Amino acid sequence: MSEHGIIDQKVGLIGATVLIIGNVIGVSAFVLPGPLAGDAGPGIIFALLLALIPLTFGILMSLQLGSAIPVAGGSYVYASRLVGPFWGFLLPWITIPGVWAGMLFIGLGFAEYAGFVADNISAVPAIPDLWLIYGLLIPFIVLNVLGIKMVAIVQFVMVSIIVVGMLAFILPGAFIVDTNNYTPLFPEGTGPAIVAVVSLYFPLRGFRLVVELGEEMENPAKNIPRVLGLSAAVSLSLLVGLVVVLVGSANYEALGGMDAAVAEVSLQNFPTALTALVLMAAAMGALTSINMTYTAYSRLLMRAGRDDIIPGAIARIHDRYDSPYVAVLLLGVPPLLVAPISPGTVTLSVALSLTILFGLAVAGVALWNLPKVFPDRYEYSLYKLPPWLLKLTAAGAVVSAAILWVLVSTQIPVMVGVLAGWMLLGYLFYRARIAYFEKRGVDLESRMKRLHENEQV
């Protein structure tokens, strides 16, 4: 660890790319399409394409902001320095329960596929879901404490298995697609499709997490765009292919009633060996999702802790492993405590997606302000969006995120109300934190507006 408490471990282009691929194509790719198709019908394909709109804005923002200010916990830095201190605070504040929901979602998805194996292979004993969730989450808490280089090595192996397993479903599945299964497009109206758009944004948010790695990447200004391009090409091709083939291979009502729908369709139509590859890919998807979520969001909390707007202890770096171990534990331990009473997978994925969309809107404002607040950083970015595209991207991100929030409020108003209440509570905490330091002669808001020496040029 450096003398300034900054992480010294670095991950290269390939390592960062597999980290992102593994986070995008996680267990959600295997868990969400079945129940979402059961509710929304074949319109889930249209919903996935709509989810790509805010994703495109997010990738362009990550390209520009990551090139201009490459720093670990980048989304917090962009919000606090380019929008305002309170908005910077809100990102880690709303991220914490969102990540807890995401961890539970991944754990439940893993348990669903493990249950499928136990139901269809007599030699495999049934294991209680709660034990499976604990057995999944705890090892990756430990792994992320051990540091990002170890995380990247493990991720490379798991992503390789995921790619092989998805191709084992997509390629033979293309030959059994029945186009009649693609109609009617919206059997229950557009309401369920709206929820599907937001729910499917959950895996796609993985691309924007590249900016949270920032200073932990080798040559971040140059490699962030490369990582985005490579990971998008692989991830989106596989994800769209899987959904299109799955919906075309079975009636949407049947998919809605299946546990582990991808594996079930594979078992009904393909040799057992191919289904085994699919199951391995789903299992690895759970592992990679957890792996990268701990990695990226712990950096966001670490960066906020450096400014003391959340307790500074959260920013502590392990003396031996150069990892933000306190932030990892804050994200990892609470889901273990509430796992026995967690809600369903779709509800959890929507909760996390809404928090991510909130961050997308804030990042849009940050991008708009970049040329004005830090003109040199914008002017000398290795990858520079032209002014017209920068403004279009910024406005598109804010508008698309706002529209999805409003639409979800018409379908799941209670969840939107809970998140709004959490943000109000966050405002009270923020004001108390500012007042606490003011009494000690420290102006936190001024600190949250400056770029420090640990933010690389």
Side-chain angles (χ1 to χ4, degrees), residues 13 16-17 20-21 24 49-84 87-88 91 197 201 204-215 217-237 240 296 300 303 356-405 449-451 455-457:
L13 172 64
T17 299
I20 301 304
I21 292 174
V24 175
L49 296 178
L50 285 180
L52 295 180
I53 295 175
L55 168 68
T56 301
F57 295 131
I59 288 178
L60 288 174
M61 284 193 302
S62 299
L63 174 69
Q64 176 63 83
L65 292 171
S67 294
I69 311 174
V71 56
S75 58
Y76 164 79
V77 175
Y78 310 147
S80 57
R81 274 63 178 172
L82 295 169
V83 183
W87 298 99
L91 284 186
V197 172
Y201 190 72
L204 298 180
R205 98 288 186 201
F207 293 109
R208 290 198 62 240
L209 296 186
V210 70
V211 301
E212 309 300 352
L213 296 178
E215 68 205 42
M217 293 175 59
E218 296 175 356
N219 198 351
K222 180 180 292 186
N223 279 335
I224 283 176
R226 293 174 176 176
V227 169
L228 286 170
L230 289 172
S231 59
V234 175
S235 302
L236 295 181
S237 298
V240 172
L300 186 152
R303 191 58 194 77
I356 301 298
L357 286 167
F358 173 81
L360 178 69
V362 174
V365 178
L367 181 64
W368 184 282
N369 291 338
L370 174 64
K372 178 178 62 177
V373 179
F374 297 115
D376 289 345
R377 292 296 186 109
Y378 170 65
E379 186 64 28
Y380 298 107
S381 297
L382 185 60
Y383 295 89
K384 178 184 173 184
L385 297 180
W388 69 268
L389 182 56
L390 182 147
K391 291 185 177 181
L392 176 64
T393 301
V398 174
V399 171
S400 60
I403 289 174
L404 288 175
W405 260 77
K449 295 177 182 177
R450 299 193 302 267
L451 287 179
E455 276 128 19
Q456 300 178 11
V457 177

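Keep in mind the model is a prediction, meaning the values are calculated, not measured.
Side-chain contact between L236 and L55 is present, with heavy atoms from C-beta onward closer than 4.5 Å. With a 4.5 Å cut-off on side-chain heavy atoms, Q64 and Y378 count as touching. By the 4.5 Å heavy-atom criterion applied to side chains, S381 and F374 are not counted as neighbours. At least one side-chain heavy atom of F358 sits less than 4.5 Å from a side-chain heavy atom of W87. A 4.5 Å side-chain heavy-atom check between L360 and S400 finds at least one atom pair inside the cut-off.
Considering only residues two or more places apart in sequence or on other chains, K449 meets the salt bridge (Lys or Arg N to Asp or Glu O under 4.0 Å) condition with none of them. Remark: P386 engages W388, L389 in a side-chain contact (heavy atoms from CB on, under 4.5 Å) (not counting sequence neighbours). Scored by the side-chain contact (heavy atoms from CB on, under 4.5 Å) test, I403 finds V399, L407 as partners (sequence neighbours excluded). With sequence neighbours left out, the side-chain contact (heavy atoms from CB on, under 4.5 Å) criterion links V398 to V365. Take K391 and apply the side-chain hydrogen bond (donor to acceptor under 3.5 Å, both in side chains) test, not counting sequence neighbours, and it matches no residue. Considering only residues two or more places apart in sequence or on other chains, Y380 meets the side-chain contact (heavy atoms from CB on, under 4.5 Å) condition with D376.
The heavy-atom pair separating A401 from L357 by the smallest distance is CB-O, 3.3 Å.
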